[in-house]
Each structure stands twice: as structure tokens, then as C-alpha cells.
Amino acid sequence: MSWRARLDELGIVLPQVVAPLADYVPAVRTGDLVYTSGQLPMQDGALRTGKVGAAVSPQDGRALARICALNALAAVDALVGLDAVARVVKVVGFVASAPGFNGQPAVVNGASELLGEVFGDAGKHARSAVGVSELPLDAPVEVELIVELKAAAE
């Protein structure tokens with residue numbers, strides 16, 4: 001089954017690629033890897049703001065991390081096509097955290113779980129979940145991906 005077919009089966013529609021906020025591109029390919037830029041939880045042109053553990057609940061942060069991962073997949077799809085992906089290699093999640101909040105791994109699980117739903121075993125990845133004091137535009141979460149591409153003959 002193709003990854004596109006898997007998205008259809010799950011009822012997931014990839015969003016449009018979020019336009020860069022500065023001087024960068026959404027994704028870059030080097031060899032058999034694609035690196036995405038950090039993706040914010042932009043949905044239908046709107047951005048939820050605030051710190052996780054204060055204005056944003058950990059559960060909402062988890063849902064926002066999922067949106068970030070969808071935006072990252074859209075960037076990969078626009079660059080090489082989602083069906084070119086062999087596996088997810090690494091996820092880096094940044095969580096704008098209120099003082100004392102230390103549940104970053106559970107928040108970033110929103111991204112990891114989506115990748116598992118879509119890619120199955122090929123979605124298992126290395127990961128970092130980092131708490132930070134601020135993110136661009138007061139976003140609560142930012143996620144970036146590294147994916148490996150299939151060999152040309154596959």
C-alpha cells in the first residue's frame with residue numbers, strides 16, 4: 001500500500017505547505033534524506049499561541065504537535081512525493097513550556113503517534129523532545145522531521 005493510500009484509509013488530508021515565515025524553504029533533500037524546517041501548528045491559516053502547561057493544556061499541545069507533523073509531511077510531499085519515503089529517521093519537537101512544565105515527551109507524542117499511524121514500523125524514529133522558553137510567533141509547539149527516501153529502483 002502506498003503512503004498516500006494509507007492517508008486516505010485513515011481519512012487524513014495533507015494541508016497545503018505552510019509558507020515560510022523568513023528566508024528558508026520548507027524542506028531540503030540531500031542524497032537519500034529530506035530535512036524539513038521546523039513546522040508550527042498552522043491550520044487553515046490560524047496559529048494557536050501560548051505556553052504548554054499554562055494557556056495550552058498538555059492534551060492540546062499533543063494535538064498541536066500532530067498538526068505540526070502533518071505540516072512537515074506536506075512539506076516532504078511537495079518536495080519529493082510522500083510515496084518516495086522509505087522511513088522516518090528522526091523527529092525533533094520543541095515545546096514552549098510554562099515554568100515547571102516537564103511533560104515535553106508526552107506533547108511530542110502527538111507527532112510520533114501520527115507518524116506511526118501513517119507509516120507503521122517505517123514510522124518508528126529517533127526523537128528529541130525539548131522544552132524551550134519561546135518559539136516563533138508564540139507558537140506552543142514546533143516539529144521538524146528527517147525522512148529517508150526509497151532507492152530509485154523501488
Side-chain angles (χ1 to χ4, degrees), residues 1-22 24-44 46-48 52 56-97 101-132 135-137 139-154:
M1 171 185 297
S2 76
W3 303 133
R4 277 292 201 174
R6 179 67 180 145
L7 286 176
D8 290 343
E9 182 181 278
L10 293 168
I12 297 172
V13 176
L14 286 181
Q16 293 293 318
V17 177
V18 176
L21 302 173
Y24 61 90
V25 295
V28 173
R29 178 181 180 169
T30 182
D32 63 351
L33 298 174
V34 172
Y35 291 74
T36 70
S37 294
Q39 299 292 314
L40 303 179
M42 296 288 290
Q43 189 173 36
D44 300 324
L47 174 67
R48 171 86 184 268
V52 178
V56 178
S57 73
Q59 297 80 9
D60 286 348
R62 185 183 197 122
L64 294 170
R66 181 182 178 95
I67 293 168
C68 293
L70 281 171
N71 289 337
L73 290 180
V76 171
D77 187 53
L79 184 66
V80 297
L82 202 60
D83 286 330
V85 173
R87 68 167 297 119
V88 178
V89 176
K90 179 139 189 203
V91 172
V92 180
F94 301 95
V95 181
S97 302
F101 179 75
N102 59 10
Q104 293 84 8
V107 171
V108 179
N109 276 348
S112 295
E113 290 165 354
L114 170 76
L115 297 168
E117 289 171 31
V118 174
F119 296 105
D121 284 345
K124 293 180 181 175
H125 52 269
R127 188 179 91 175
S128 298
V130 182
V132 298
L135 286 170
L137 304 177
V141 185
E142 182 174 347
V143 172
E144 59 185 56
L145 302 180
I146 302 171
V147 298
E148 180 183 3
L149 302 177
K150 296 174 183 173
E154 289 185 51

What pairs of donor and acceptor atoms, side-chain ones from residues 32-42 against any protein atom, are under 3.5 angstrom apart with sequence neighbours left out?
unit_1	atom_1	unit_2	atom_2	d
Thr36	OG1	Leu145	N	2.9
Ser37	OG	Val25	O	2.5
Gln39	NE2	Ser37	O	3.3

Open item on the list: Applying salt bridge (Lys or Arg N to Asp or Glu O under 4.0 Å), can you list everything that pairs with Arg127, at least two apart in sequence or on another chain?
Closed with: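 For Arg127, no residue satisfies salt bridge (Lys or Arg N to Asp or Glu O under 4.0 Å) once neighbours in sequence are set aside.
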**Request:** List in chain and number order the residues that pass salt bridge (Lys or Arg N to Asp or Glu O under 4.0 Å) with Lys124, two or more places apart in sequence or in another chain; answer none if no residue qualifies.
**Result:**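 If we apply the salt bridge (Lys or Arg N to Asp or Glu O under 4.0 Å) test to Lys124, skipping adjacent residues, the hits are Asp121.
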With sequence neighbours left out, what residues match [X] under side chain to side chain donor-acceptor pair (under 3.5 Å)?
X: Asp44; answer: none
X: Arg29; answer: none
X: Glu142; answer: none
X: Glu9; answer: Arg6

Sequence neighbours excluded, which residues qualify as side-chain contact (heavy atoms from CB on, under 4.5 Å) partners of [X]?
X: Ala46; value: none
X: Gln16; value: none
X: Arg62; value: Ala106, Asn109, Glu113

Q. Salt bridge (Lys or Arg N to Asp or Glu O under 4.0 Å): which pairs involve residues 79-88, sequence neighbours left out?
A.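 Not a single pair qualifies under salt bridge (Lys or Arg N to Asp or Glu O under 4.0 Å).
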Pairs of donor and acceptor atoms involving the side chains of residues 72-82, under 3.5 Å and at least two apart or interchain, shall be tabulated with distances.
unit_1	atom_1	unit_2	atom_2	d
Asp77	OD1	Leu82	N	2.8
Asp77	OD2	Arg4	NH2	2.5

- prompt: Just how far is it from atom CG of Leu70 to atom CD1 of Ile12, taken to the nearest 0.5 Å?
  reply: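 It is 6.0 Å, given to the nearest 0.5 Å.
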- Message: Side chains of Gln43 and Pro15, heavy atoms from C-beta outward: is any pair under 4.5 Å?
- Response: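 No, their side chains stay 4.5 Å or more apart.
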Do the non-hydrogen side-chain atoms of Val18 and Pro26 ever get within less than 4.5 Å of each other?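 Contact flag for Val18/Pro26 side chains = no.
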Exercise: identify the closest heavy-atom pair between Leu135 and Phe94
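For Leu135 versus Phe94, the nearest heavy atoms are CD1-O, 3.6 Å.
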